[in-house]
2 protein chains.
Amino acid sequence: MGNESWSAVPHLTTALTGPLQEIETHLLQNQAGIERWFRSQWQQTPAPFYCSVDLRNAGFKLAPVDTNLFPAGFNNLNTAFVSLAVQAVQAALERICPSAGGVLIIPENHTRNLFYFESLAALVEILTKAGLRVRLGSLLPDITEPKPVDLPSGRRLMLEPLVRRGDKITVADFEPCFVLLNNDLSGGLPDILQNPGQPVVPPISLGWWNRLKSNHFTHYRRIASEFAEIVRLDPWLIEPAFRKCGKINFEKREGEDCLVNYVEEVLAEIRVKYREYGIEQEPFAIVKADAGTYGMAIMSVKSADEVRTLNRKQRNKMARAKEGHAVTDIMVQEGVYTFETWGEKNAVAEPVVYMIDHFVIGGFYRVHTDRRADENLNAPGMHFEPLAFAGPCCYPDPLQAPDANPNRFYAYGVIARLALLAAARESKEAAQAPAQTADSLKQANL
Amino acid sequence: MGNESWSAVPHLTTALTGPLQEIETHLLQNQAGIERWFRSQWQQTPAPFYCSVDLRNAGFKLAPVDTNLFPAGFNNLNTAFVSLAVQAVQAALERICPSAGGVLIIPENHTRNLFYFESLAALVEILTKAGLRVRLGSLLPDITEPKPVDLPSGRRLMLEPLVRRGDKITVADFEPCFVLLNNDLSGGLPDILQNPGQPVVPPISLGWWNRLKSNHFTHYRRIASEFAEIVRLDPWLIEPAFRKCGKINFEKREGEDCLVNYVEEVLAEIRVKYREYGIEQEPFAIVKADAGTYGMAIMSVKSADEVRTLNRKQRNKMARAKEGHAVTDIMVQEGVYTFETWGEKNAVAEPVVYMIDHFVIGGFYRVHTDRRADENLNAPGMHFEPLAFAGPCCYPDPLQAPDANPNRFYAYGVIARLALLAAARESKEAAQAPAQTADSLKQANL
């Protein structure tokens with residue numbers, strides 16, 4: 001990488017880099033041990049097909065805040081590293097379906113989101129370069145015949161109606177070896193996807209109709225402890241504290257006491273740690289839906305009172321998540337400051353790391369000019385400028401300082417892979433417990 | 001890739017591109033089938049740890065002429081794609097030794113070849129970036145204590161004396177999980193490497209003390225036929241014809257009749273094919289040692305008479321291969337013209353493709369100003385300028401013409417992987433037949 005590319009890396013503004021340099025130094029010194037540990041973990045628990053992880057870098061702390069098993073944003077990655085993604089797909093295929101000649105992608109039910117379609121086109125390109133025939137099977141009821149989508153990049157996608165032929169999910173005359181879900185199933189499990197006769201990755205049971213963030217972070221907590229022991233690190237430095245509240249109904253104001261208590265607990269926990277490390281920032285917590293995505297129903301609070309005194313509008317905002325499902329389970333998560341900024345306007349920059357199989361294939365920064373460091377950067381209607389990572393994140397450069405860019409990227413890759421491992425364990429657990437049927441889901445929603 | 005990088009690609013000078021465009025068109029149209037076929041092949045026969053393949057591109061024909069299982073030249077690869085090599089090593093480790101924290105490299109017995117040491121340093125860097133601790137155990141008897149080697153690139157290597165501790169091969173206090181041979185064992189199998197107690201890759205039995213090129217190309221011939229059937233191609237377009245002669249002694253002029261006959265056969269075979277394809281070049285054959293490397297004892301001939309009328313000096317040159325071993329087995333191989341040239345001087349350029357595990361990680365051109373298209377480009381004392389491939393070779397670009405650079409590179413990667421597969425089958429065969437011992441080798445050499 002030329003120096004020119006490296007200059008496009010956000011600047012870490014905080015003076016509180018002590019513990020982070022400590023994290024990075026530990027990771028650098030233990031690279032061989034870390035990679036060996038990861039190898040043994042992937043042998044026990046294969047990684048999901050793909051995954052993106054939102055990280056927060058507070059300088060004193062580096063932690064995942066969200067793990068997406070149906071990632072979009074592939075169009076934001078550095079095209080210089082597309083060969084890494086292609087190679088990773090080829091490695092993944094060996095496990096999923098060695099005979100794969102064709103893959104059917106089931107995309108999100110967007111109709112006009114060109115950002116999403118550009119991501120889909122980038123994903124199709126990666127899979128095609130890996131030597132797969134790729135077709136897109138849409139769940140949208142309006143799609144009754146092949147429908148072309150022309151993109152600003154000049155690329156074209158063809159959405160085809162998803163059909164069921166016996167136990168096989170497919171489109172028209174296609175015979176896919178496996179189905180790649182790029183739809184998080186927030187809206188529930190459609191009948192057409194029930195008991196499929198071919199492999200579906202990631203498994204249907206990891207869609208948001210069935211998945212809980214708190215379960216992911218329970219796995220993550222265990223993994224962070226195991227890992228922290230290896231590198232002799234306080235696990236708090238790489239893990240956001242959290243609590244889970246079931247059965248909250250904001251509109252009817254049910255279960256709010258529980259939520260208030262948990263917010264207080266989380267804030268108290270952060271306060272203890274901030275004191276321990278001499279951090280003068282004010283602790284904050286994120287209140288969000290335990291199942292769901294797209295940054296809906298997310299709230300940043302600095303005291304439990306803020307939850308108590310929600311007005312009607314705020315209540316309504318929290319009450320409904322994606323596609324209008326009532327929020328019942330809530331997660332209270334430690335807020336991690338974002339102290340990376342970019343450009344003259346000091347825009348807040350949040351790293352997102354992408355993985356295919358267990359390989360880190362790159363990432364980008366969400367650069368946002370209008371938000372503060374303690375706000376959620378993945379909120380509805382949010383505008384960000386993607387800034388592709390200048391480096392591939394796969395390996396450090398021990399000849400440079402612990403906080404040099406390749407080493408910062410390596411640290412991102414390590415922490416993101418810990419979250420990936422948590423997702424792998426979720427996936428294994430889901431495979432062992434038979435997935436709920438659509439019927440049981442419908443009952444649960446009633 | 002910017003256009004700037006692509007301009008550094010040699011120009012294919014021949015007008016006879018008809019059949020090659022045919023090859024490339026076939027490869028492009030069948031990419032999904034080709035990749036699927038390769039996947040199933042690697043499942044049946046795992047690829048060797050690493051490999052480089054010398055290709056010849058005659059425009060009308062694209063074929064491997066040499067497959068090196070102990071490759072050097074890693075320093076000639078494009079550093080922009082080092083992450084591909086790192087990722088491939090990580091994938092390879094999962095099979096060889098998932099718990100690997102340390103690897104011991106046994107390098108060639110060079111003492112002053114800085115080109116080789118730069119390659120070794122590049123290899124060490126790749127393995128280190130993949131998260132391995134790497135040390136170098138030298139077979140040189142002079143190395144009795146750690147000896148630093150400082151390189152023009154500013155890198156430093158540390159050669160350590162190889163020791164045997166019980167059944168383990170190692171250096172000083174190191175406990176390598178596996179041994180990586182980067183020494184082709186042309187000089188025989190040293191006692192210290194007999195019956196090692198840890199994995200050695202590539203297997204010791206594939207060193208030149210035990211390996212024959214003709215055996216490799218016998219496997220290659222079978223593979224080229226299988227592959228040619230899939231892509232509906234004349235296998236001759238991707239395969240050099242060859243014959244094997246045993247028991248030749250040039251100094252004593254024994255076995256020369258057999259050699260003359262085979263040269264005539266090979267030239268006749270080429271002539272038939274040249275006529276079929278309307279190629280007006282003069283056929284030529286390469287006579288080389290069946291076991292051995294480094295381009296020693298190689299001769300390019302256009303008629304059998306040239307073999308009959310060898311003078312004393314030529315005989316002496318043919319009689320001794322690397323490290324002074326008498327040549328007894330000879331291979332006669334179809335000469336494949338090199339019609340790629342580079343720069344204003346129209347320097348001949350020969351592609352070399354590198355693979356780690358079954359992944360193509362890049363390559364470079366040997367650019368040579370002083371040789372003709374029908375000469376061997378890997379000869380002793382030969383000087384070449386390395387020109388790193390501008391692209392990663394892993395995938396084609398179907399939107400461009402069949403002979404566009406990414407597609408030419410993809411074609412290289414496919415043909416090189418066919419040679420890699422032949423090496424994989426050699427390796428499997430060698431594992432099934434117990435390797436010769438040093439004693440049986442000594443007898444064979446008497």
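The chains referred to below are lettered A, B, ... by the order of the sequence lines, with proteins before strands, and numbering in each begins at 1. Basis for what follows: all heavy atoms, side chains included, without hydrogens, waters or symmetry-related copies.
Under the rule for a ring pair (Phe, Tyr, Trp, His ring centres under 6.0 Å), A/F49 has no partner lying at least two apart in sequence or in another chain.
Contact check for B/Y395 versus A/T128: no side-chain heavy atoms found under the 4.5 Å cut-off. You'll find the side chain of A/L84 stays beyond 4.5 Å of the side chain of B/F81, heavy atoms only.
Atom CD of A/E226 sits in a crowded spot, with more than 12 heavy atoms from other residues, nucleotides or ligands closer than 6.0 Å.
Judged as a salt bridge (Lys or Arg N to Asp or Glu O under 4.0 Å), the pairs with a partner in residues 127-137 of chain A (not counting sequence neighbours) are, in order, A/E125-A/K129, A/R135-A/E160, A/R135-A/D173. Sorted by first then second residue, the salt bridge (Lys or Arg N to Asp or Glu O under 4.0 Å) pairs that include residues 78-104 of chain A, not counting sequence neighbours, are A/R95-A/D357.
Atom CZ of A/R36 and atom CG of B/L93 lie 11.0 Å apart (nearest 0.5 Å).
Residue with the most contacts toward chain A among B/D397, B/V86, B/L132: B/V86 (heavy-atom pairs, distance under 4.5 Å). In terms of heavy-atom pairs under 4.5 angstrom with chain A, the leader among B/A88, B/S99, B/S83, B/G33 is B/S83.
The shortest heavy-atom contact between B/G101 and A/A32 is O-CB, 4.1 Å.
Of residues 39-47 of chain A, those residues lying under 4.5 Å from chain B by any heavy-atom pair are A/R39, A/Q43.
Of the two parts of A/A130, only the backbone, made up of N, CA, C and O, holds a non-hydrogen atom closer than 4.5 Å to a non-hydrogen atom of chain B.
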